[in-house]
Protein chains: 2
Amino acid sequence: MAESSNVAVRRGGRRRSTSRAALEHLAFELFDERGFEDTTIEDIAAAAGIGRRTFFRYFPSKNDVPWGSFDEQLDVMRARFAACPAEMPLLDAVREVVVDFNRVDQAEVPWLRRRMRFILTVPALQAHSTLRYADWRLVVAEFVGERLGEPADALRPQAIAHATLGVAIAAYQQWLADPTVELTQLLDTALRALSTGFA
Amino acid sequence: MAESSNVAVRRGGRRRSTSRAALEHLAFELFDERGFEDTTIEDIAAAAGIGRRTFFRYFPSKNDVPWGSFDEQLDVMRARFAACPAEMPLLDAVREVVVDFNRVDQAEVPWLRRRMRFILTVPALQAHSTLRYADWRLVVAEFVGERLGEPADALRPQAIAHATLGVAIAAYQQWLADPTVELTQLLDTALRALSTGFA
DNA sequence: AAGGTAATGGCACTCGGTGTCGATTGGAAG
DNA sequence: CTTCCAATCGACACCGAGTGCCATTACCTT
């Protein structure tokens with residue numbers, strides 16, 4: 001397992017001519033200039049000096065560009081759930097992990113904002129996001145299922161995961177609309193409301 | 001405004017050669033046979049005896065086929081919210097309307113099940129559903145906003161709308177997995193849990 | 001019968017996405 | 001240095017969804 005690191009072993013072969021991150025940066029510039037829909041894969045590939053076909057070796061689809069390396073992020077979230085003390089009430093744990101998960105470095109805030117602006121406002125990306133959210137929800141549902149002693153696909157874990165995600169998205173939308181409030185603050189407020197049944 | 005009825009006035013012109021409902025039925029058969037992805041618009045059009053181009057005059061996209069006339073449904077839901085007694089607690093009202101909205105005729109249950117099976121299991125449809133759900137959420141958020149004296153796009157109305165939708169989807173998924181339970185029962189259970197903060 | 005109106009459907013086009021395959025580029029072994 | 005292998009690249013061809021355009025068809029009204 002010493003080899004399974006993310007550094008990639010490179011036993012030989014041609015070097016990759018760019019990176020996901022570089023393409024993402026580049027694509028974001030174009031999206032800002034012309035808009036997401038009016039930027040073609042060919043535009044991005046040309047700007048990056050690669051072939052259209054090669055673009056699809058870095059991203060499975062155009063819609064995946066704004067998601068960066070979301071899967072690795074989910075591993076982090078999973079780890080935080082695992083590190084949660086068992087005596088912490090269920091929804092408190094969920095809230096803390098979700099809020100903490102979204103506590104990003106000040107320097108990265110503009111990036112996060114831009115990323116989320118795309119995801120939450122471009123229809124094609126709104127739609128695609130559902131597929132990525134499913135993975136996010138699974139992380140929550142597995143934790144909740146574990147705690148409740150139910151399968152992750154049972155009603156309560158699923159309902160809680162769905163509700164948590166929904167509330168988090170609502171908080172994100174508020175954050176986009178009003179940059180002066182802290183994202184973590186909004187998430188905390190909204191998730192607290194959820195855990196009290198919006199009383 | 002006497003003309004704005006949905007009966008369509010027909011001052012002349014060629015008759016429509018089919019209907020949304022007929023196309024939907026037909027498409028569902030093909031989807032069941034070959035699967036959603038492996039059924040092309042041309043397949044559906046050919047089966048219906050219309051041109052490919054004409055299909056897009058009945059449905060804006062292939063992904064919209066399983067949604068039938070969802071917009072009219074939303075009008076119904078809006079009306080039910082409007083008819084809610086003002087003294088009924090907020091989340092009770094939401095729950096009752098949502099549950100009632102999903103109380104369908106026994107004869108239509110198989111149809112609803114098939115429809116939802118497509119929407120909730122085919123990735124392209126899962127993704128697309130987000131765009132339709134947005135309209136659904138707006139109906140809820142407008143009602144909640146009205147009640148709370150806040151704009152529909154404020155945090156609480158949005159959070160409640162998102163959470164309600166999420167929980168409803170979780171209930172639907174359970175219903176799909178286990179046909180023996182009543183959908184309305186599942187929705188009621190899940191939404192009650194939501195309104196008590198999943199205590 | 002004539003004229004207006006709305007639906008139809010063919011055509012051509014764009015774009016996202018995929019399979020194939022030969023061409024490149026590098027590391028490692030001899 | 002040469003040879004071999006492995007991974008990446010990128011060109012080409014193809015498919016299907018979706019759209020603009022426009023002539024044609026079918027129907028209703030006068």
Side-chain angles (χ1 to χ4, degrees), chain A residues 3 6-24 26-27 30-31 34-67 118 122-129 131-132, chain B residues 3 5-24 26-27 30-31 33-67 118 122-129 131-132:
Chain A
E3 297 303 83
N6 50 7
V7 199
V9 236
R10 280 208 52 74
R11 308 194 312 276
R14 185 173 178 169
R15 283 195 189 110
R16 299 184 74 100
S17 57
T18 181
S19 69
R20 228 198 295 267
L23 280 177
E24 188 183 335
L26 211 153
L30 296 180
F31 293 163
R34 321 176 196 179
F36 181 83
E37 305 285 2
D38 290 337
T39 304
T40 69
I41 306 278
E42 199 151 345
D43 291 337
I44 303 172
I50 62 175
R52 205 179 80 93
R53 191 65 183 81
T54 300
F55 170 89
F56 287 106
R57 295 207 176 85
Y58 287 86
F59 292 98
S61 80
K62 184 182 174 184
N63 290 334
D64 283 301
V65 172
W67 287 90
F118 287 136
V122 175
L125 295 177
Q126 287 177 1
H128 182 73
S129 65
L131 305 176
R132 296 322 210 77
Chain B
E3 299 302 84
S5 119
N6 50 6
V7 198
V9 237
R10 279 208 56 72
R11 310 195 310 276
R14 185 174 178 167
R15 280 192 192 112
R16 297 182 76 97
S17 57
T18 180
S19 69
R20 229 198 294 266
L23 281 177
E24 188 184 336
L26 211 153
L30 296 180
F31 293 164
E33 284 172 28
R34 320 175 198 179
F36 181 82
E37 304 285 0
D38 290 337
T39 305
T40 70
I41 306 276
E42 199 151 344
D43 291 338
I44 303 172
I50 63 174
R52 202 181 81 93
R53 190 66 183 81
T54 300
F55 171 88
F56 286 105
R57 295 212 175 84
Y58 286 86
F59 293 98
S61 81
K62 183 182 173 183
N63 290 334
D64 283 302
V65 172
W67 287 90
F118 288 135
V122 175
L125 295 177
Q126 286 177 3
H128 181 74
S129 66
L131 305 177
R132 295 324 208 78

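To find a chain, count down the sequence lines: A is the first, B the second, and so on, and within it residues start at 1. Only heavy atoms go into these numbers, but all of them, side chains included; no hydrogens, no water, no symmetry mates.
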Closest approach of P123(A) to L131(B) (non-hydrogen atoms, all atoms of both residues): O-CD2, 3.7 Å
OP1 or OP2 of dC9(D) under 4.0 Å from side-chain N/O of S17(A): yes
Option passing salt bridge (charged side-chain N to carboxylate O under 4.0 Å, His left out) with D43(B) (candidates R34(B), R52(B), K62(B)): R34(B)
Gap between atom CZ of F59(A) and atom CD of E24(A) - 0.5 Å precision: 5.5 Å
Over all atoms of both residues, closest heavy-atom pair of L26(A) and I44(A): CD2-O, 4.1 Å
Heavy-atom donor-acceptor pair, R53(B) side-chain to dG20(D) base, under 3.5 Å: yes
Side-chain touch W67(B)/L125(B), heavy atoms, less than 4.5 angstrom: no
Closest non-hydrogen atom pair, V65(B) against F31(B): CG1-CE1, 4.2 Å
Interatomic distance where CD1 belongs to I44(A) and C1' belongs to dG16(C) [whole Å]: 11 Å
F56(B) and I41(B), any side-chain heavy atoms less than 4.5 Å apart: yes
Under 4.0 angstrom between T54(B) side-chain N/O and dG9(C) OP1 or OP2: yes
Closest-nucleotide 5' rank along DNA chain D - winner of G51(A) and T40(B): G51(A)
So which protein N/O to nucleotides 28-30 of chain D N/O distances come out below 3.5 Å?
{"residue": "dC28(D)", "atom": "OP1", "partner": "R15(B)", "partner atom": "NH2", "Å": "2.5"}

Under 4.0 angstrom between R14(A) side-chain N/O and dT24(C) OP1 or OP2: no
Closest heavy-atom pair and its distance - E37(A), A124(A): OE2-CB, 3.9 Å
Distance, nearest 0.5 Å, that separates CG of L23(A) from CZ of R57(A): 13.0 Å
Between dT14(C) (C1') and D38(A) (CG): distance, integer Å: 12 Å
Polar pair under 3.5 Å, donor/acceptor by atom type, side chain R52(B), base dG18(D): yes
Contact residues, residues 55-65 of chain B to DNA chain C [heavy atom, < 4.0 Å]: R57(B), Y58(B)
Interatomic distance, R16(B) CZ vs dT5(C) C1' [rounded to whole Å]: 14 Å
